[in-house]
Amino acid sequence: MARRIDVTGADGVRLAAWEFGDPPKNGADPAESAAQNAPSVLLLHGLMGRASHWASTARRLSGRYRAVALDQRGHGRSDKPPQASFTRDAYVDDAEAALEQLGLGPAVLIGHAMGALTAWQLAAKRPDLVRGLVICDMRASALGAASQREWAEWFKAWPVPFATLADVRKWFGEDDPWVERPNPARGAFYAEVMAESPDGWRPVFDPEQMLRSRETWVFDAHWEELAQVRCPALVVRGLDGELGRAEAQEMVRVMPHGRYAEVTDAGHLVHYDQPETWLTAIEPFLDSLDDR
């Protein structure tokens, strides 16, 4: 099961956090629960994602951790104020607020794509709140203006509204020009970020807000902050993902306590493409943290 806990993020933005596993006993508040059930894990989805994309991971980990997944600002059930800030600082401050308000720290941060960048930037900023870090398929290099233009054109290509969820699954899993070969997991991933409206199915996020979020990190490299991560860190890439092997291994090298893992038969959505293999890749790392 998952229960919702509201968090107040930067600038007062209301964020939805989801705790997986059994609720606190005897009506205990989240901070008391954390003290009784440490260690904790905070899971951060990528751009356009939502906390539910971590469900299989969070449920597996909830047997030994307090597992909380956060809908980041502009995503999922969290607020999407039209004039809200979508800077890197805002995302990092939100994750920091979640750790502090829910009494999770020091926690293991597990992030996918943009959520991984948020995780390592927070680990560099607040080492007291982070005892371990899992970086899933996120590059440290700058992607550049061409990448941002490509994303803007991709959003314009979406045939919204979709008539049915089956149409969502088919388009993102088969018909999307970004799909090299049929990928049902990708179709299911995007079906989870759609909501029914009077004229059909539309994304729960505003694509313009997603582009605003992306433009705050896509033009910059993030090696300096990565080198400031002092806790043990695991870099995980899908064999067919966006993070290449050479860059992933360089990311491991620049961190004082970096490690590397690779998931075969997985693309960018590593934890969603191959949930069991993904868990097999990260669990030895988590075990090593518990032994410290």
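All values derive from a computational prediction rather than experimental measurement. When a residue number appears, it is its place in the shown sequence, counting from 1. What you see below is based on every heavy atom in this structure, not just the backbone, and it leaves out hydrogens, waters and symmetry mates.
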> What pair of heavy atoms forms the shortest contact from Pro203 to Met194, and how long is it?
Replying inline: N-SD, 3.4 Å
> Can you check whether Leu289 reaches Pro232 side chain to side chain, under 4.5 Å on heavy atoms?
Replying inline: yes
> Where the side chain of Asp206 meets the backbone of Glu208, is there a donor-acceptor pair that is under 3.5 Å apart?
Replying inline: yes
> Residues two or more places apart in sequence or in another chain: which of them pass ring pair (Phe, Tyr, Trp, His ring centres under 6.0 Å) with Tyr190?
Replying inline: Phe172
> Could you give the distance from NZ (Lys170) to CG (Leu165), rounded to the nearest 0.5 Å?
Replying inline: 15.0 Å
> Counting N and O atoms only, with roles assigned by atom type, does the side chain of Ser288 sit under 3.5 Å from a partner on the main chain of Phe285, one being a donor and the other an acceptor?
Replying inline: yes
> Cut-off 3.5 Å, side chains only: do Arg212 and Thr87 have a donor facing an acceptor?
Replying inline: no
> Should Leu143 and Trp217 count as side-chain neighbours, where that means a heavy-atom distance under 4.5 Å?
Replying inline: yes
> Is Asp137 reaching over with its side chain to a backbone N or O of Leu269, donor-acceptor style, under 3.5 angstrom?
Replying inline: no
Show me the donor-acceptor pairs, under 3.5 Å and distance only, between side chains in residues 41-51 and residues at least two apart or in other chains.
| unit_1 | atom_1 | unit_2 | atom_2 | d |
| --- | --- | --- | --- | --- |
| His45 | NE2 | Gln72 | N | 3.0 |
| Arg50 | NH1 | Glu192 | O | 2.8 |

> What class does the angle between the rings of Trp151 and Trp178 fall in, given that below 30° is parallel, 30 to 60° is tilted and above 60° is perpendicular?
Replying inline: perpendicular
> Do the non-hydrogen side-chain atoms of Glu174 and Arg186 ever get within less than 4.5 Å of each other?
Replying inline: no
> Asp290 and Arg64: salt bridge (charged side-chain N to carboxylate O under 4.0 Å, His left out), yes or no, with the steps?
Replying inline: CA-CA 10 Å; Asp290 292 343; Arg64 53 192 288 197; 2.8 Å; yes
>> Pair Trp201, Asp167 - check side chain to side chain donor-acceptor pair (under 3.5 Å), show working.
In response: CA-CA 9 Å; Trp201 292 82; Asp167 291 327; over 6 Å; no
>> Taking side chain to side chain contact (heavy atoms under 4.5 Å, CB included) as the definition, give me every residue that meets it alongside Arg253, ordered by chain and number, with sequence neighbours left out.
In response: Glu250
> Under the salt bridge (charged side-chain N to carboxylate O under 4.0 Å, His left out) test, which residues partner Asp240, sequence neighbours left out?
Replying inline: Arg181
>> I want to check something: taking the side chain as every heavy atom from C-beta on, are Arg237 and Gln249 in contact at a cut-off of under 4.5 Å?
In response: no
>> Using only atom types and a distance under 3.5 Å, with no angle test, would you say the side chain of Glu247 pairs donor to acceptor with the backbone of Ser141?
In response: yes
> Distance-only, no hydrogens or angles: does the His112 side chain make a donor-acceptor pair with backbone N or O of His268 under 3.5 Å?
Replying inline: yes
> Any side-chain heavy atom of Phe189 within less than 4.5 Å of one from Asn183?
Replying inline: no
>> Could you report the tightest heavy-atom contact between Thr264 and Leu239, atom names first, then the distance?
In response: CA-CB, 4.0 Å
> Does Asp94 use its side chain to pair, donor to acceptor, with the backbone of Gly9 at less than 3.5 Å?
Replying inline: no
>> Please list all pairs meeting salt bridge (Lys or Arg N to Asp or Glu O under 4.0 Å) that have one or both residues in residues 104-126, counting only residues at least two apart or in different chains.
In response: Asp93-Lys125, Glu96-Lys125, Glu96-Arg126, Glu100-Arg126, Arg126-Asp128
> Run the side chain to side chain donor-acceptor pair (under 3.5 Å) check on Arg214 and Ser147 step by step: do they pass?
Replying inline: CA-CA 10 Å; Arg214 195 173 188 271; Ser147 174; 2.7 Å; yes
> Within the side chain of Asp79, is there an N or O that forms a donor-acceptor pair under 3.5 Å with the backbone of Pro81?
Replying inline: no
> Does the Ser78 side chain pair with the main chain of Gly74, one donor and one acceptor, at a distance under 3.5 Å?
Replying inline: no
> Can any side-chain N or O of Arg66 pair as donor or acceptor with the backbone N or O of Ala107 at less than 3.5 Å?
Replying inline: no
> Tell me, do Thr277 and Asp265 make a side-chain contact under 4.5 Å, heavy atoms counted?
Replying inline: no
>> Is there a side-chain contact between Ser85 and Arg73 in this structure, where contact means two heavy atoms from C-beta onward sitting under 4.5 Å apart?
In response: yes
> Who pairs with Trp223 by ring pair (Phe, Tyr, Trp, His ring centres under 6.0 Å), at least two apart in sequence or on another chain?
Replying inline: none
